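Please read these numbers as outputs of a predicted model, since none were measured by experiment. Basis for what follows: all heavy atoms, side chains included, without hydrogens, waters or symmetry-related copies.
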Amino acid sequence: MDMHTVVVGTSGTTAEDVVAVARHGARVELSTAAVDALAASRLIVDALAAKPEPVYGVSTGFGALASRHISTELRARLQRNIVRSHAAGMGPRVEREVVRALMFLRLKTVASGHTGVRPEVAQTMADVLNAGITPVVHEYGSLGCSGDLAPLSHCALTLMGEGEAEGPDGTVGPAGELLAAHGITPVELREKEGLALLNGTDGMLGMLVMALADLRTLYTSADITAALSLEALLGTDKVLAPELHAIRPHPGQGASADNMLRVLAGSGLTGRHAEVTGDAPRVQDAYSVRCAPQVNGAGRDTLDYAAVVAGRELASSVDNPVVLPDGRVESNGNFHGAPVAYVLDFLAIVAADLGSICERRTDRLLDKNRSHGLPPFLADDAGVDSGLMIAQYTQAALVSEMKRLAVPASADSIPSSAMQEDHVSMGWSAARKLRTAVDNLARIVAVELYAATRAVELRAAEGLVPAAASQAAVAALRAAGAQGPGPDRFLAPDLAAADTFVREGALVAAVEPVTGPLA
């Protein structure tokens, strides 16, 4: 398969495909099997629509209005109206990659053949994605039950040629004009199709998938920065011995310890506290140093659990009602976002804790009473300049916000639709705050990296030889522009460049030629 094309079939999709479409603009194609499944399920819906008996979603109203039978001549209007009425989002625009993930994942469910949508509607969804047209979707409007209703409705509105959308050049304008400019004919929705475009956990799932991709990079980066901090503090790497972690066999803990041990291989700093400082031998390093594998590893295991949930959801057909292989169209509750909402909140908790332990190591590096010989705030001339004092303030502010973001959204519920939808997941809200938490975590790790590399350089200036991986990290960060040449380069720390260096995986890429592939 062309690496730039994602083929959508009947059996779901992968996290890699979601990221490829959402972030990298991969093209989308419907498989022959998907087109056949779409046509077959549509025949079932058409047959039910022709019967005099009402069928929910096909010939009735929706939600609290499900008891009303809709006559044939009003059904197309009903489908248009549900999209228009549900496109009631408010607030700032949602990021382009989130909207593309949202649309792609809705197409994934539509292509399963369980929704009763015509093949031409699915093809239009693919055409809009391939044209780089992005519906304008707003921050507020989803309760995470009956799916991400308002966000999906704004996407469906674009398929109808209504509302606003962003073109591939970033210009926002009328969706109808953008479709026409790319030769795309707006869809005219028929029975069940409007409803099928709205009922899904696609927004929260897309954000979960992308958060997992980002957090994988950040957790490996945090293992590296923890190792650099341990080295700069003249800590012992004996606590990273594989046999110690084998007797508490959490997989993530073992992986983080191994990462740190490989970063520190050949270091001339570890375990030399008494020799360098002249102090009494240190029996134990502080928890933030000694327990880094346990904290980082627990987060890694949480990522693995969240990935299992995401994988199940990526293989799911989330709609209500659904078309079953035996020809039945059945109402269900699969649109409830609880499974996704819970892990989104869980990830916000572990991200906050990882940020917290990173900040504690940074503070230790800057405190002359606990840094074992490093200058106050890692300043070139303490008192004349403040070194990285305020960089740690920034990091502390981010950690404080992370703790607020760790408060679960999924523990809340608010009734809607005249008490028909009386328990909701708030999964969209959980996903939105997780995106902020992931952004903050990258910045927090970047500050620790900035401080730790500065401290390692200072140790090297004393004649000690850092690990080869540490030297590679220092050189790469400096080359990236986060640390300029000369003795005054830390007077105006470029934390934004360090942030980009971390979040784009450059730190991992810098050390892996020395350490080998890290977990």
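Note that the CE atom of M260 and the OG1 atom of T270 stand 11.0 Å from one another [nearest 0.5 Å]. The structure places CG of L198 at 6.5 Å from CG of L152, a figure rounded to the nearest 0.5 Å. Taking OG1 of T109 as the start and CG of L314 as the end, the distance is 9.5 Å to the nearest 0.5 Å. Distance check, rounded to the nearest 0.5 Å: CG of N199 to CG of N334 gives 10.5 Å. The OG atom of S267 sits 8.5 Å away from the CG atom of L464 when rounded to the nearest 0.5 Å. Atom CH2 of residue W428 and atom OG1 of residue T201 lie 11.5 Å apart, to the nearest 0.5 angstrom.
Note on R262 versus D223: no salt bridge recorded, every NZ/NE/NH1/NH2 to OD/OE distance being 4.0 Å or above. With respect to the salt-bridge test (charged N to carboxylate O, under 4.0 angstrom), the residues D345 and K433 qualify. Between K108 and D202, none of the side-chain N atoms (NZ, or NE/NH1/NH2) sits under 4.0 Å from a carboxylate O, so this pair counts as no salt bridge. Ion pairing between D499 and R503 holds under the 4.0 Å rule for side-chain N and carboxylate O. One finds no salt bridge joining D353 and K403 here, because no Lys/Arg side-chain nitrogen approaches an Asp/Glu carboxylate oxygen to under 4.0 Å. Between D380 and R454, at least one side-chain N (NZ, or NE/NH1/NH2) sits under 4.0 Å from a carboxylate O, which counts as a salt bridge. A salt bridge does not link E139 to R93: none of the charged nitrogens lies less than 4.0 Å from a carboxylate oxygen.
For I414, the CD1 atom is loosely surrounded, since the number of other residues' heavy atoms within 6.0 Å does not exceed 12. More than 12 heavy atoms of other residues, nucleotides or ligands sit less than 6.0 Å from atom CZ of F335.
Sorted by first and then second residue, the ring pair (Phe, Tyr, Trp, His ring centres under 6.0 Å) pairs involving residues 498-519 (not counting sequence neighbours) form an empty list.
Using a 4.5 Å heavy-atom threshold, the side chains of I133 and E166 count as separate. You'll find the side chain of C155 reaches within 4.5 Å of the side chain of L102, heavy atoms only. The side-chain heavy atoms of S416 and E421, taken from C-beta on, include a pair separated by under 4.5 Å. M204 has its side chain within reach of L344: a pair of non-hydrogen atoms, C-beta onward, lies under 4.5 Å apart. For the pair N320/S146, no side-chain contact is recorded, criterion being any heavy-atom separation below 4.5 Å from C-beta on. With a 4.5 Å cut-off on side-chain heavy atoms, Y305 and D301 do not count as touching. A 4.5 Å side-chain heavy-atom check between T13 and L105 finds at least one atom pair inside the cut-off. Under the 4.5 Å side-chain criterion, counting only non-hydrogen atoms from C-beta, L458 is in contact with P375.
Looking at N332, its side chain does come within 3.5 Å of a backbone N or O of D319 through a donor-acceptor pair. S386 places no side-chain N or O within donor-acceptor distance of the main-chain N or O of M389, the cut-off being under 3.5 Å. Distance alone, capped at 3.5 Å, places no donor-acceptor pair between the R361 side chain and the S229 backbone. Although no hydrogens or angles enter the test, the distance criterion places no donor-acceptor pair under 3.5 Å between the side chain of R312 and the main chain of A307. The backbone N or O of A519 sits less than 3.5 Å from a side-chain atom of T220, completing a donor-acceptor pair. Side-chain atoms of D285 never come within 3.5 Å of backbone atoms of R290 as a donor-acceptor pair (strictly under, hydrogens ignored). No donor-acceptor pair under 3.5 Å is formed between the side chain of R443 and the backbone N or O of L398. A donor-acceptor distance shorter than 3.5 angstrom exists from the side chain of T236 to the backbone of K238, with no hydrogens or angles considered. Here the side chain of H154 pairs no donor or acceptor atom with the backbone of H138 at under 3.5 angstrom. Using modelled atom types, one side-chain atom of D385 and one backbone atom of D381 make a donor-acceptor pair closer than 3.5 Å.
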For V6 and R27, what are the C-alpha separation, side-chain angles and deciding distance, and is it a side-chain contact (heavy atoms from CB on, under 4.5 Å)? CA-CA 6 Å; V6 171; R27 290 185 59 79; over 6 Å; no

Kindly determine whether E512 and T515 satisfy side-chain contact (heavy atoms from CB on, under 4.5 Å), including the steps that lead there. CA-CA 5 Å; E512 282 191 329; T515 63; 4.2 Å; yes

Can you check side-chain contact (heavy atoms from CB on, under 4.5 Å) on V28 and T5, steps first, answer last? CA-CA 6 Å; V28 176; T5 299; over 6 Å; no

May I have the step-by-step check of salt bridge (charged side-chain N to carboxylate O under 4.0 Å, His left out) for R435 and D214, ending in yes or no? CA-CA 10 Å; R435 279 183 70 83; D214 294 337; 5.9 Å; no

If you apply the rule side-chain contact (heavy atoms from CB on, under 4.5 Å), what do you find for T302 with I349, and how did you get there? CA-CA 10 Å; T302 304; I349 291 170; over 6 Å; no

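Annotation for G147 and S142: closest pair O-OG, 3.8 Å, computed over non-hydrogen atoms. Of all non-hydrogen atoms in S221 and L507, the two that sit nearest each other are O-CD2, 3.8 Å. Closest approach of M402 to A352, counting heavy atoms only: O-CB, 3.6 Å. Annotation for L365 and A232: closest pair CD2-CB, 3.8 Å, computed over non-hydrogen atoms. When all heavy atoms of A430 and A341 are compared, the pair lying nearest together is CB-O, 4.1 Å. G481 and D494 get closest at one heavy-atom pair: O-OD2, 3.8 Å.
At a cut-off of 3.5 Å, with distance as the only test, a side-chain donor of R404 or S400 sits close to an acceptor on the other residue. At a cut-off of 3.5 Å, with distance as the only test, a side-chain donor of S470 or E231 sits close to an acceptor on the other residue. Side chains of N296 and S256: a donor-acceptor N/O pair is absent below 3.5 angstrom, by distance only.
Applying the ring pair (Phe, Tyr, Trp, His ring centres under 6.0 Å) test to H250 and every residue at least two apart in sequence or in another chain returns nothing.
Using cut-offs of 30° and 60° for the angle between ring planes, the H423 and H336 rings count as parallel.
Checked against E359 for a side chain to side chain donor-acceptor pair (under 3.5 Å), the options Q392, R364, Q395 give a single hit: Q392.
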